[in-house]
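Quick notes on the structure that follows.
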Amino acid sequence: MSYERSVSADGHELSPETVWHIQMPEIRFGRDSVEELGFQLGDLGVPEDAHGLVVTDETLVELGHADRVVDTLTDAGFAVDVYDESQREPSVSDVEDCVGFVRDEKGEEGYDFYVGLGGGSCMDTAKIARTIVANGGEPLDYVAEPTGEGEPVTNSGPPLVLMPTTAGTGAEISPVAILSVEEKNIKEGISSNHVRADAAVIDPTFTTTLPPELTAKTAMDALGHAIEGYTTHEYDSLMRATDPAERPVYAGRTPLTEMFSEKAIDLLSNNVRTAVHNGDDLEARENMLQGALFGAIAGLTAGASLCHAMAYPVGNRYHTKHGETIAVLTPASTIDYNSASDPARFADLAEMFDVDTTGMTNREAADALKEQYIQLQKDLNVLPSGLNELAGVTEDDVDWLAKQTVETQKRLLRTNPRPVTEEDVREILLDALHNWD
Ligand SMILES: [Fe+2]
């Protein structure tokens, strides 16, 4: 069994944690908040004659979103270059291309500031590029062992502002940047508070162009953060950090994260149908973006768990999108398997999803939650019915996926609310092949 109990990490003592901590970028939210981007950078100490880089992708250039950001920045007096070659679910070589661009244009010093514009992939590319230029070396130096060298990131670098164009990943506030390591066929994260952006400017007018399918998929990721955050360990059931600097970035749920989870689930579950079926509805888009932000504040502080751990090997092998992978895995993992850790908590969750739990036992309520969640996915009409429809995954593939999950995702499995073995993961994957007929 490769599960490591949460009470066995280095740098911790065997008494319970008594302190929680939340670290966030400065957050500026609302319609046309892009117009305050220049002010935001000035507030972060960026001088008026500074030269910055906008990291984005070709689609966002074609949609005119990149121009909108560049115009705001040049109006504020900044010089700006654009790197528009961010790739979906970036690999080590993809982010090295961005680092190479920065070094070619500005040498080892790099730019005076960075703006990441797009979905999680663009924002993570911007986060990693700033980190590597500021700390030297290459991306794998800062990826945890055994895949990388596990060196700590010690320097945040110049200001980084992130602008999400999807309501989902939470990359705009998270301390993690995800990249795929192609030769090992796995996804890994560079995780440090120094990777976190200095500010997030979150403007719903950038999200109305997102097509229905991507809207649904990114929403399921956001909902996953909210649910996983709500159901993970409490911070004071984990071990006490002997040094505050050693406290993990995923440190368990707190009264604050619970509050954000509850509001996130309310906003996301009540607006996702409108946002998917009527993308121009700016109020629904604004609610979704707010829900995704709150879900990220909750889940990406308390900690994502089993479902996210399982999603990375699937995404890497089959090149599926993160959100759709989370969508097909959530019923069997986060809900069905993990509900045994604390059935009463999942009964509460069922009520948040508007299940009438009158007369139900907690276990029955958890089962009803699973059905309600699957119904939501069906209503969106663009999501796959399981791993099989998602990527042709069959019973023959689950052994490899289970092995990869327990071998490469210890960071996320360590804090899962229910201990999990390779055999458990295999069973969950079999369950997730078909969520409905
Ligand atoms: Fe996620």
Side-chain angles (χ1 to χ4, degrees), residues 1-6 9 87-95 120-121 124 139-140 142-150 169 176-191 217 220-221 224 228 232 250 303-334 336-338 384 386-435:
M1 176 169 136
S2 56
Y3 175 76
E4 271 180 69
R5 283 199 59 80
S6 52
Q87 303 297 317
R88 185 166 75 79
E89 318 261 339
S91 65
V92 172
S93 64
D94 291 334
V95 296
S121 301
D124 281 356
L140 283 176
Y142 305 99
V143 167
E145 294 175 306
T147 306
E149 300 299 320
T169 67
V176 180
I178 307 293
L179 72 175
S180 63
V181 183
E182 282 165 324
E183 62 273 23
K184 296 194 176 177
N185 214 18
I186 58 171
K187 277 201 166 66
E188 279 283 1
I190 298 179
S191 174
K217 289 171 180 174
M220 288 298 115
D221 185 27
E228 286 173 57
T232 192
Y250 286 170
S305 51
L306 175 60
C307 181
H308 271 73
M310 294 171 66
Y312 291 124
V314 173
N316 227 38
R317 176 160 176 180
Y318 300 101
H319 303 287
T320 54
K321 292 192 172 75
H322 177 67
E324 63 188 348
T325 318
I326 295 294
V328 300
L329 290 172
T330 293
S333 59
T334 310
D336 213 15
Y337 182 81
N338 277 353
L387 280 172
N388 184 259
E389 191 188 340
L390 172 70
V393 181
T394 68
E395 290 178 14
D396 296 339
D397 303 310
V398 301
D399 285 0
W400 185 89
L401 289 170
K403 191 164 190 286
Q404 285 287 305
T405 301
V406 296
E407 285 185 357
T408 67
Q409 300 299 320
K410 290 190 173 69
R411 179 177 69 93
L412 294 172
L413 292 179
R414 189 180 292 129
T415 51
N416 193 59
R418 184 177 171 191
V420 58
T421 65
E422 192 173 323
E423 180 55 32
D424 296 329
V425 176
R426 195 176 294 124
E427 291 297 317
I428 296 164
L429 287 163
L430 287 172
D431 260 7
L433 291 178
H434 303 280
N435 291 325

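Heavy-atom basis, side chains included; hydrogens, waters and symmetry copies ignored.
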Of all the heavy-atom pairs spanning [X] and [Y], show the shortest one and how long it is.
| X | Y | answer |
| --- | --- | --- |
| P331 | A327 | CD-O, 3.4 Å |
| I428 | Y337 | CD1-CG, 3.6 Å |
| S305 | N416 | CB-OD1, 3.2 Å |
| A432 | N435 | CA-OD1, 4.0 Å |

Salt bridge (Lys or Arg N to Asp or Glu O under 4.0 Å) involving K184 - partner list, sequence neighbours excluded: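 K184 satisfies salt bridge (Lys or Arg N to Asp or Glu O under 4.0 Å) with no other residue.
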For D431, the salt bridge (Lys or Arg N to Asp or Glu O under 4.0 Å) test, sequence neighbours excluded, returns none
Mind checking the [atom1]-[atom2] spacing from [X] to [Y]? Nearest 0.5 Å is all I need.
| X | Y | atom1 | atom2 | value |
| --- | --- | --- | --- | --- |
| L430 | L401 | CG | CG | 10.5 Å |
| D336 | E427 | CG | CD | 11.5 Å |
| S93 | E183 | OG | CD | 9.0 Å |
| E395 | N388 | CD | CG | 10.0 Å |
| K403 | T408 | NZ | OG1 | 10.5 Å |
| R88 | K321 | CZ | NZ | 4.5 Å |

Residues two or more places apart in sequence or in another chain: which of them pass side-chain hydrogen bond (donor to acceptor under 3.5 Å, both in side chains) with [X]?
| X | answer |
| --- | --- |
| E389 | S385 |
| E188 | T147 |
| E324 | K217 |
| S180 | none |

Any chance you could lay out the side chain to side chain contact (heavy atoms under 4.5 Å, CB included) test for L306 and L412, step after step, and finish with the verdict? CA-CA 7 Å; L306 175 60; L412 294 172; over 6 Å; no
Check the side chains of T320 and T325 for a donor-acceptor pair under 3.5 angstrom, ignoring hydrogens and angles.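 Yes, because at least one side-chain N or O of T325 sits under 3.5 Å from a partner of the opposite role on T320.
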How would you list, by chain and number, every residue that makes a side chain to side chain contact (heavy atoms under 4.5 Å, CB included) with [X], sequence neighbours excluded?
| X | value |
| --- | --- |
| V176 | S174, I178, S191, Y250, R411 |
| D397 | R317, Y318, V393, T394 |
| A402 | E422, V425, R426, L429 |
| E145 | none |

So does E423 have more than 12 non-hydrogen atoms from other groups sitting under 6.0 Å from CD?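 Check passes, neighbour count above 12.
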Go through L179 and V143 one step at a time and tell me if the side chain to side chain contact (heavy atoms under 4.5 Å, CB included) criterion holds. CA-CA 9 Å; L179 72 175; V143 167; 4.0 Å; yes
Using distance only, find each side-chain donor-acceptor pair of residues 308-316 under 3.5 Å and give its atom names and separation, not counting sequence neighbours.
{"residue": "H308", "atom": "ND1", "partner": "E228", "partner atom": "OE1", "Å": "3.1"}
{"residue": "H308", "atom": "ND1", "partner": "E228", "partner atom": "OE2", "Å": "2.9"}
{"residue": "H308", "atom": "NE2", "partner": "D221", "partner atom": "OD1", "Å": "3.3"}
{"residue": "H308", "atom": "NE2", "partner": "H225", "partner atom": "NE2", "Å": "3.1"}
{"residue": "H308", "atom": "NE2", "partner": "H322", "partner atom": "NE2", "Å": "3.2"}
{"residue": "N316", "atom": "OD1", "partner": "K187", "partner atom": "NZ", "Å": "3.4"}
{"residue": "N316", "atom": "ND2", "partner": "N185", "partner atom": "O", "Å": "2.8"}
{"residue": "N316", "atom": "ND2", "partner": "I186", "partner atom": "O", "Å": "3.1"}

Can you check side chain to side chain contact (heavy atoms under 4.5 Å, CB included) on C307 and I326, steps first, answer last? CA-CA 7 Å; C307 181; I326 295 294; 4.0 Å; yes
